[in-house]
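Following: one structure in structure tokens, then a few remarks.
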Amino acid sequence: DKQSALAQYNCALKVIDKAQFWHRVVKGRERADTLVRETSVQATLTAKCGKIATFLKLRGFFETSENFVIELELLEGTDLFQHISSKGTLPEHEAAMILRDMLTSLEAMNRVGLAHRDIKPANVLMCDRKKDGVSVKVGDFGMSTFVGVDGLVRGRCGTPGYVAPEILTGGSRIGYSNAVDVFSAGVTLYVMLCGYEPFYGENEKELIEANKRAVIEFPEEDWGRISNDARNLVLSMTHPDPKQRISARDALRHPWITRLDEGNDHDRTDDSKNV
């Protein structure tokens, strides 16, 4: 009946205060179209990639006189940032399974013409593999957008330390492809394996400059135990030239993923042929 159906309807609510949101827009700290883009991107993913389990699903959207409310799939786990913080570093087989789920999301987004633009551990949500069929789901699509007819996206955004260098070096009118997400996923892989970010600065300006150069180092005291295949994949995903950067599809076929991902037997439904 209706009452029992409602009792089984669990979701997470993202509540945005309208007054605070428009105050941020006026101050230039928020784009006026953020909510429209976020909900339209997630609605597109839910409609076109609904059988792919590696996205946080959109359940609904409504507004009151004071708030915008986004209904999202409810997860019981934490985010990847907290998961790494609690463990220090992740073993290679676990990192491979997590990266595989992230790349599955990015490959699907590429096929339907979307860019996330803020891939980082805090935006990757941990799951119960036995219950959800995946290790993680990609969430927080507040900076996501649709790729233009020229195959490019415009606008400077992202998190310093994770953002692709072409976003930082190009002007606001210079376009870039959604290969930026693979770069950010490569930085996330680096963090999973050693516990810290590859780019460092005493302040944000120095961090951004290091991020622009995108020089990746592997200190032997931390990386001596990590396989050469893992290092190779990190370098392939974080190549400063997006034209030479590995794609999400090819990264999924990398020997480190195919050899170390032990999740081939979990029951994930992939409708990639139907997108």
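Just so we're clear, the structure is a prediction, and the values are computed from it rather than from any experiment. All values below were derived from every heavy atom in this structure, side-chain atoms included, with hydrogens, water molecules and symmetry-related copies excluded.
Residues Thr188 and Tyr162 have side chains in contact (heavy-atom distance under 4.5 Å, counting atoms from C-beta outward). Residues Thr34 and Phe21 are in side-chain contact: their nearest non-hydrogen atoms beyond the backbone lie under 4.5 Å apart. No side-chain heavy atom of Met237 sits less than 4.5 Å from a side-chain heavy atom of His254. Side chains of Asn178 and Met109 form no contact here, defined as non-hydrogen atoms less than 4.5 Å apart. Looking at Phe218 and Asn228, their side chains never come closer than 4.5 Å, going by heavy atoms from C-beta outward. In this structure the side chain of Arg59 never reaches within 4.5 angstrom of the side chain of Leu74, judged on heavy atoms. At least one side-chain heavy atom of Phe55 sits under 4.5 Å from a side-chain heavy atom of Cys49.
The distance from atom CG of Leu13 to atom CG of Leu72, rounded to the nearest 0.5 Å, is 8.0 Å. Within the model, atoms OG1 of Thr89 and OH of Tyr196 stand 10.5 Å from one another, a figure rounded to the nearest 0.5 Å. Distance check: Ile98 CD1 to Arg129 CZ gives 10.0 Å after rounding to the nearest 0.5 Å. In this structure, the separation between OG1 on Thr54 and CG on Asp101 is 6.0 Å, given to the nearest 0.5 Å. Atom CZ of Arg29 sits about 10.5 Å away from atom CD of Gln20, to the nearest 0.5 Å. A distance of 4.0 Å separates CD1 in Ile216 from OG1 in Thr238, rounded to the nearest 0.5 Å.
Side-chain atoms of Asp17 never come within 3.5 Å of backbone atoms of Asn67 as a donor-acceptor pair (strictly under, hydrogens ignored). Under a 3.5 Å cut-off, the side chain of Tyr200 and the backbone N or O of Glu206 do not form any donor-acceptor pair. At least one donor-acceptor pair under 3.5 Å links the side chain of Asp150 to the backbone N or O of Leu152.
A pairwise comparison of heavy atoms in Ala95 and Leu193 identifies CB-CD2, 3.8 Å as the closest pair. Listed here is the closest heavy atom pair of Arg245 and Ala179: NH1-O, 3.0 Å. For Pro240 against Glu166, the heavy-atom pair with the smallest separation is O-OE1, 4.0 Å. Contact detail for Asn211 and Val163: the closest heavy-atom pair is ND2-O, 2.8 Å. A pairwise comparison of heavy atoms in Met102 and Val136 identifies CG-CG2, 4.1 Å as the closest pair. Considering every non-hydrogen atom in both Val147 and Ala115, the closest pair reads CG2-N, 4.5 Å.
A continuous path of Ile, Leu, Val, Met, Phe, Trp and Tyr side chains, each step under 4.5 Å between heavy atoms, connects Leu207 with Tyr190, placing both in one hydrophobic cluster. Cluster membership check: Leu45 shares its hydrophobic cluster with Ile52, using side-chain heavy-atom separations under 4.5 Å among Ile, Leu, Val, Met, Phe, Trp and Tyr. Connection of Leu99 to Met126 is established within a shared hydrophobic cluster, with ILVMFWY side chains joined at heavy-atom distances below 4.5 Å, either directly or through further cluster members. Residue Trp256 is grouped with residue Val234 when hydrophobic side chains (ILVMFWY) are merged at heavy-atom distances under 4.5 angstrom, including chains of intermediate members. Hydrophobic clustering places Val138 together with Leu252 (ILVMFWY residues linked when any side-chain heavy atoms are closer than 4.5 Å, directly or through intermediates).
In Glu204, the CD atom is not crowded: 12 or fewer heavy atoms of neighbouring residues, nucleotides or ligands sit closer than 6.0 Å. Shown here is Glu217, whose CD atom has no more than 12 heavy atoms of other residues, nucleotides or ligands within 6.0 Å.
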Check against side-chain contact (heavy atoms from CB on, under 4.5 Å), Met192 and Glu94: CA-CA 9 Å; Met192 284 194 286; Glu94 182 180 9; over 6 Å; no
Worked check of side-chain contact (heavy atoms from CB on, under 4.5 Å) between Ile16 and Ile70: CA-CA 8 Å; Ile16 300 97; Ile70 303 174; 4.1 Å; yes
side-chain contact (heavy atoms from CB on, under 4.5 Å) evaluation trace for Leu106 with Ile119: CA-CA 10 Å; Leu106 298 186; Ile119 295 292; 4.0 Å; yes
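Between Ser184 and Asp118, the side chains place no donor N or O within less than 3.5 Å of an acceptor N or O (distance only, hydrogens not considered).
Salt-bridge formation is not detected for the pair Lys205/Glu209: no Lys NZ or Arg NE/NH1/NH2 atom is positioned less than 4.0 Å from an Asp or Glu carboxylate oxygen. Between Lys243 and Asp241 no salt bridge is recorded (no basic side-chain N to carboxylate O distance below 4.0 Å).
The aromatic rings of Phe199 and Phe183 lie parallel to each other, their planes meeting at an angle below 30°, with 60° marking the opposite boundary.
Listed by first and then second residue, the ring-ring contact (aromatic ring centres under 6.0 Å, His included) pairs involving residues 112-153 are His116-Phe141 (not counting sequence neighbours).
The only option from Arg24, Arg37, Lys18 that meets the salt bridge (Lys or Arg N to Asp or Glu O under 4.0 Å) definition with Glu30 turns out to be Arg24.
Applying the side chain to side chain contact (heavy atoms under 4.5 Å, CB included) test to Ala251 and every residue at least two apart in sequence or in another chain returns Leu103, Leu233, Ile246.
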